[in-house]
Chemist: 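So that we are looking at the same thing, I have put the structure below in structure tokens.
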Amino acid sequence: MEIIVRALVVFTFLWVVTRVVGRASLAEITTFELLIYVTMGDLVQQAVTQQDYSLTSAVLAVGVFALLTIALSYVSWRWPRLRPVIRGTPVMVMRGGEPITEAMRRQRLTMEDVMAAAREQGIRRLAQVDLAVLETDGKISFFEADSSHRSGASDRPANE
């Protein structure tokens, strides 16, 4: 029973840490940060199992983490009002080709980050961007002012 309680406490702590770290940070992890997270994983294991290396303890700890992940997903689906608390909300970081500096500052997002994301999506100039949104997964979605050249299906009949 103690392992279940420890797993619950550590899961909650890790969930809070990932919410505090921020979306932009989670989307682009450096090698150093990856090493920190791997090390943190080992420390979490020690905190949850108290050096108990039995198969039962491992199954219990992983099972509790899995159940809590499923529970958060269910709560997010069942009660949409809680979804922003659990998953976060998208944040508008550009409008009309101009950055929204206050939103970018709150998200710890630099213009260099925005420009790099725009280049990755084939956008040459930020003046082309009508709207840029920092999604809950840390990626930035761009909407161009004139996106008619990127539309899917043609309005013309196929036999023209």
Side-chain angles (χ1 to χ4, degrees), residues 7-45 47-48 61-62 64-160:
L8 175 66
V9 169
V10 171
F11 180 89
T12 304
F13 171 73
L14 290 174
W15 177 76
V16 169
V17 166
T18 57
R19 296 283 298 155
V20 169
V21 166
R23 299 170 246 229
S25 300
L26 293 176
E28 299 172 5
I29 296 176
T30 66
T31 304
F32 175 73
E33 291 167 332
L34 179 62
L35 291 173
I36 294 291
Y37 290 137
V38 168
T39 304
M40 195 166 61
D42 185 48
L43 295 172
V44 164
Q45 179 272 325
V48 171
V62 171
V64 169
F65 272 52
L67 287 174
L68 289 171
T69 301
I70 292 167
L72 281 177
S73 178
Y74 176 78
V75 167
S76 177
W77 169 78
R78 177 70 177 89
W79 293 284
R81 288 182 144 179
L82 293 177
R83 195 172 298 144
V85 174
I86 294 170
R87 293 188 179 168
T89 56
V91 176
M92 191 180 329
V93 292
M94 285 188 74
R95 171 169 253 147
E98 295 296 321
I100 303 173
T101 53
E102 181 59 27
M104 290 176 62
R105 186 187 62 74
R106 278 194 315 266
Q107 298 300 320
R108 296 180 302 280
L109 188 67
T110 66
M111 277 307 295
E112 290 77 20
D113 295 333
V114 174
M115 289 187 298
R119 286 191 302 272
E120 287 175 1
Q121 294 187 27
I123 297 172
R124 295 177 190 212
R125 294 181 322 219
L126 291 180
Q128 295 174 266
V129 176
D130 182 44
L131 188 66
V133 178
L134 179 62
E135 303 293 350
T136 58
D137 63 358
K139 294 185 173 95
I140 302 175
S141 298
F142 293 94
F143 302 92
E144 295 183 63
D146 179 26
S147 60
S148 60
H149 66 282
R150 289 190 174 191
S151 63
S154 173
D155 290 337
R156 288 184 277 169
N159 57 0
E160 273 188 19

Chemist: What residues, two or more places apart in sequence or in another chain, satisfy ring pair (Phe, Tyr, Trp, His ring centres under 6.0 Å) together with W15?
Modeler: none

Chemist: Without swapping roles, check the side chain of Q107 against the backbone of G138 for a donor-acceptor pair under 3.5 Å.
Modeler: no

Chemist: Can you find a pair of side-chain heavy atoms, one from V133 and one from E135, that are under 4.5 Å apart?
Modeler: yes

Chemist: Looking only at heavy atoms, what is the nearest atom pair of S73 and R87, with distance?
Modeler: OG-NH2, 4.0 Å

Chemist: Contact between L72 and F11 at the side-chain level, heavy atoms closer than 4.5 Å - yes or no?
Modeler: yes

Chemist: Out of L109, I100, L131, which one pairs with V93 under the side chain to side chain contact (heavy atoms under 4.5 Å, CB included) rule?
Modeler: L109

Chemist: Nearest 0.5 Å please: distance from the CZ atom of F142 over to the CD1 atom of I123.
Modeler: 5.5 Å

Chemist: Can you give me the closest heavy-atom contact between P84 and T89, atom names plus distance?
Modeler: CB-CG2, 3.4 Å

Chemist: Mind checking the CZ-CD spacing from F143 to Q121? Nearest 0.5 Å is all I need.
Modeler: 9.0 Å

Chemist: Say whether, by atom type as modelled, one donor and one acceptor occur between the side chain of Q128 and the main chain of R125 under 3.5 angstrom.
Modeler: yes

Chemist: Checking the side chain of R83 only, and the main-chain atoms of S76 only, is there a donor and an acceptor separated by less than 3.5 Å?
Modeler: yes

Chemist: Does L126 have any side-chain contact (heavy atoms from CB on, under 4.5 Å) partners at least two apart in sequence or in another chain, and if so, which?
Modeler: M94, M111, V114, M115, A118, V129

Chemist: Going from CG on D113 to CG on L134, what distance comes out if it is rounded to the nearest 0.5 angstrom?
Modeler: 9.5 Å

Chemist: Determine the minimum heavy-atom distance between L8 and V64, stating which atoms define it.
Modeler: N-CG1, 4.0 Å

Chemist: Considering non-hydrogen atoms only, spot the tightest contact between I140 and A132 and give its length.
Modeler: CG2-CB, 4.2 Å

Chemist: With the side chain counted from C-beta on, respond yes when R105 and P99 share a heavy-atom pair under 4.5 Å apart, and no when they do not.
Modeler: no

